[in-house]
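Each remark here refers to the structure printed beneath this line.
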Amino acid sequence: MIENEKVKKILYGGDYNPEQWPEDTWEEDMRLLKLAHIDVVTLNVFSWASLQPDENTYCFEKLDKIMELVRKHGLKVCLATSTGAHPAWMARKYPDILRTEFNGMRRKFGGRHNSCPNSPTYRKYSVRLAARLAERYKGYENIVAWHISNEYGGECYCENCERAFRVWLKDRYKTIDEWNRAWNNSFWGHTMYDWEDAVLPNMLSEHFASDRTMFQGISLDYRRFNSDSILECCKLEYDALKAVTPDIPVTTNMMGAYKALDYQKWAKELDFVSWDNYPSNEDSAASIAFRHDLMRGVKQGKPFALMEQTPSVTNWLPYNALKRPGVMRLWSYQAVAHGADTVMFFQMKRSIGACEKYHGAVIDHVGNENTRVFREVAALGAELEVLEDRILGARTPAKAAIYFDWENWWAIEYSAGPSVSLHYVDEVLRYYTAFHSLNIPVDLIGAEDDLDPYRIVVAPVMYMVKDGYDEKLRSFVQNGGSFLTTFFSGYVDKNDLVTVGGYPGKLRDILGIWVEEEDALPDGVTNSFVYNGVTYPAELVCDLLHTETAVSYCGYESDFYKGMPVITENSFGKGNAYYVATASNEEFYKHFLQDLCKKAGIEPSVNTPEGVEAAWRENAKGTFLFLLNHTDKEQEVEMSFNGTELIHRSDYKQGDILLLAAKDVAILQKD
Ligand code: GLA
Ligand code: ZN
């Protein structure tokens, strides 16, 4: 599907569930899908119950017919393994497959994404089904990808999981002494004597709310363990598929900034990343762009598949507002602008019963092509054909990076201080939004990614410094890089144990500062500081810090720590390290990052009016600039190079004014 020689264009399509409909409706569906320029369907996402009606029986006849139908009509297939919801008979016969919730409640059959990841029954039968599907359909040339399960996620606190947790702990810590040290078990008499003493941290043990724990080390390990357990299920299916069809790429659909799964670890086990983009109408363009960049980042910048988005409306928001005319197209191109090589929907056809019957679809309940949504989908489908394969495989040329780490996220939000209002993704978004508004492309990178391609690395709230990461940063800055971090950084190691000797711990020499105290400001309370002549608010958290080798740009304007530094810069080797001791408003981040980028030699590559997003991709075929008008009025952009607009095939010269209608998009290829 991605970087796949069978694919010569941006694939267009999505989830199609003909098994929910009488067979005599299928041909009409095909007519409509072709009319909408659909060329790929994701099949078989939730069919386990019909594929395996009991322990020993497998029935593939219906799926055979569907596979034949779509092949006959020239559609490509993203074939799912159906293991996102187990059959009722399995729950009845093997209750180990059922999950236990955070409050200790054992679930009954129902819902979906409902299997315990450590259930031997689930693992056995999910792998068996994947293997059988691979055997049965391996001859279908039109399969462009395997889609394992669906939106893996959630948690389980059952006894199987608890047993598996003990094994996981033993593997991680080897000795009980080391385990006691890592969790700081001398606190509150938690010394463990035997691996059997480990219990899962939930409402029955260490927690008093989902994100409020008495033992951070335990809860952090549970998060790692849970993500690993679910990943293990995915890997088992992956291996089963690959054993039969080694050349078909395999993915599972991710969910962007989804907290429970460490997607940086997950991405390594998949051939390509795919994800489901469901913003609400209120989400900022930057926050959507951020999630795309994160999904590109977990696979080191490789293109990803936009596996799902709604063509019009969801069913699960409190207010399911329609995507306004043009927004589906705009957000589809935004995905492509940030690295998507497919545009896909949930779903092709609206179902008639259960909770998704009012979810948007290409084919609505009216059943014909005479709808606004159908027309918009068909028009976009025609445009994507015009683009051919030009953009496929293209990368984002970023010189700036933001460090993002799931374990850091978990640790910050379990930390019990300094503030319940401190949310990792919000802090990352403050910096991301500034880069975005400056039209500076950014990669979202993890702890294992190389820093060499970047001139500037921003690590908002780098609370946890993973083993060796300080060394990596030290050499990055020494060699001329610019590094920026913020309050509540450098505090702990990978086990959430504080690095003593002064915050920011291992980052202290790089930043040239010492943080003595940290003040949390309740919502609505602010301090202030003046940066380059402008007064900005200080909110959320205010570090009280001393410079050592760094210089201070400005100080707090009030309270007993009036005058103490807010922004510092430290020259370190050939580079610089910056510290921002508080949180502020959007204008501040934009102003400050603009200055920092300039100093680091990064200039915005194009100037656009507010609300017009610019994003770049590059491959052997060319350099492409996407201009996306998120506003409700026509906008003008002055061209900074000679090139051709690919959707409408018009040429532009440097200095020309390109007019972008409300919600419109332009894709320019540089000459
Ligand atoms: C998710 C799922 C789909 C569907 C959509 C509805 O993304 O993967 O099966 O439920 O949500 O928005
Ligand atoms: Zn379980």
Side-chain angles (χ1 to χ4, degrees), residues 14-17 19-20 41-48 78 80-86 91 94-102 104-107 111-123 126 147-168 199-202 204 222 225-230 232-233 251-256 258 260-261 274-280 291 295 305-318 320-321 323 328 344-351 353-362:
D15 284 43
Y16 176 50
N17 302 306
E19 66 281 0
Q20 295 178 9
V41 284
T42 303
L43 296 177
N44 200 43
V45 182
F46 289 107
S47 306
W48 197 348
C78 171
T81 61
S82 263
T83 54
H86 53 243
Y94 298 108
D96 71 281
I97 201 162
L98 297 166
R99 284 188 180 179
T100 296
E101 290 194 350
F102 181 66
M105 183 175 81
R106 185 82 192 233
R107 292 196 64 97
R112 63 171 180 174
H113 306 149
N114 48 5
S115 311
C116 163
N118 287 297
S119 152
T121 308
Y122 179 68
R123 289 190 175 190
S126 57
H147 173 303
I148 298 180
S149 189
N150 188 66
E151 290 192 340
Y152 276 116
E155 292 155 2
C156 182
Y157 295 89
C158 76
E159 279 163 15
N160 273 325
C161 285
E162 195 155 80
R163 272 192 289 276
F165 187 45
R166 292 173 185 146
V167 174
W168 186 94
V199 296
L200 297 176
N202 64 358
L204 306 178
Y222 173 74
F225 158 76
N226 182 60
S227 175
D228 286 357
S229 298
I230 303 177
E232 190 55 32
C233 296
T251 192
T252 183
N253 48 344
M254 296 182 175
M255 294 179 278
Y258 176 66
L261 302 182
S274 63
W275 89 282
D276 302 344
N277 182 33
Y278 288 98
S280 75
R291 294 191 284 266
M295 293 289 88
L306 176 64
M307 187 61 88
E308 293 181 24
Q309 62 172 345
T310 178
S312 56
V313 72
T314 57
N315 62 286
W316 42 263
L317 286 166
N320 292 290
K323 280 185 182 169
M328 181 279 290
M344 294 166 69
F345 301 105
F346 180 88
Q347 52 191 335
M348 293 298 103
K349 191 173 179 179
R350 244 180 194 189
S351 55
C355 65
E356 285 174 348
K357 61 183 178 302
Y358 303 125
H359 193 288
V362 176

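Atoms within each ligand, like the ligands themselves, are counted from 1 in listed order. Sequential numbering from 1 along the given sequence is applied to the chain's residues.
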When you measure from the heavy atoms of Met307 to every atom of ligand 1, does any distance fall below 4.0 Å? no
Could you find the nearest protein heavy atom to atom 9 (O) of ligand 1 and give me its residue, atom name and distance? Arg112 NH1, 2.9 Å
Can you label the angle between the Phe165 ring and the Trp168 ring as parallel, tilted or perpendicular, going by 30° and 60°? parallel
Does any N/O atom on Asn315 come nearer than 3.5 Å to any N/O atom on ligand 1? no
Output the list of atoms in ligand 1 that are nearer than 4.0 Å to some heavy atom of Phe46, sorted by atom number. 9 (O)
Report yes if the distance between the aromatic ring centroids of Tyr157 and Tyr222 is under 6.0 Å, otherwise no. yes
Do other residues, nucleotides or ligands put more than 12 heavy atoms under 6.0 Å from the CD atom of Glu232? yes
Looking only at N/O atoms, are Trp316 and ligand 1 under 3.5 Å apart anywhere? yes
Strictly distance-based, threshold 3.5 Å: is any side-chain N or O of Thr100 a donor or acceptor partner for the main-chain N or O of Arg106? no
Verify side chain to side chain donor-acceptor pair (under 3.5 Å) between Asn320 and Thr314, making sure each step is shown before the conclusion. CA-CA 6 Å; Asn320 292 290; Thr314 57; 2.8 Å; yes
Arg291 side-chain N/O to Tyr278 backbone N/O, donor-acceptor pair under 3.5 Å: no
What protein heavy atom sits nearest atom 11 (O) of ligand 1, and how far off is it? Glu308 OE1, 3.8 Å
Atoms of ligand 1, numbered as shown, that sit under 4.0 Å from any heavy atom of Glu151: 1 (C), 2 (C), 7 (O), 8 (O)
Spell out, as yes or no, whether a donor-acceptor pair under 3.5 Å connects the side chain of Tyr152 to the backbone of Ser227. no
Show all protein N/O/S atoms under 2.8 Å from the Zn ion (ligand 2), or state that there are none. Cys116 SG, Cys156 SG, Cys158 SG, Cys161 SG
Main-chain N/O of His147 paired with Thr252 side-chain donor or acceptor, under 3.5 Å: no
Could you work out, for atom 12 (O) of ligand 1, the closest of His359, His147, Glu356 by heavy-atom distance? His359
Give a yes or no on whether the backbone of Asn118 and the side-chain of Arg123 come within a donor-acceptor separation of less than 3.5 Å. no
What atoms of ligand 1 come within less than 4.0 Å of a heavy atom belonging to Asn150? 2 (C), 8 (O), 9 (O)
Under the 3.5 angstrom rule, does the side chain of Asn44 hit a backbone N or O of Ala80 as a donor-acceptor pair? yes
Could an N or O of ligand 1 be found under 3.5 Å from any N or O of Thr314, whether backbone or side chain? no
Residues forming a salt bridge (charged side-chain N to carboxylate O under 4.0 Å, His left out) with Lys349, sequence neighbours excluded: Asp29
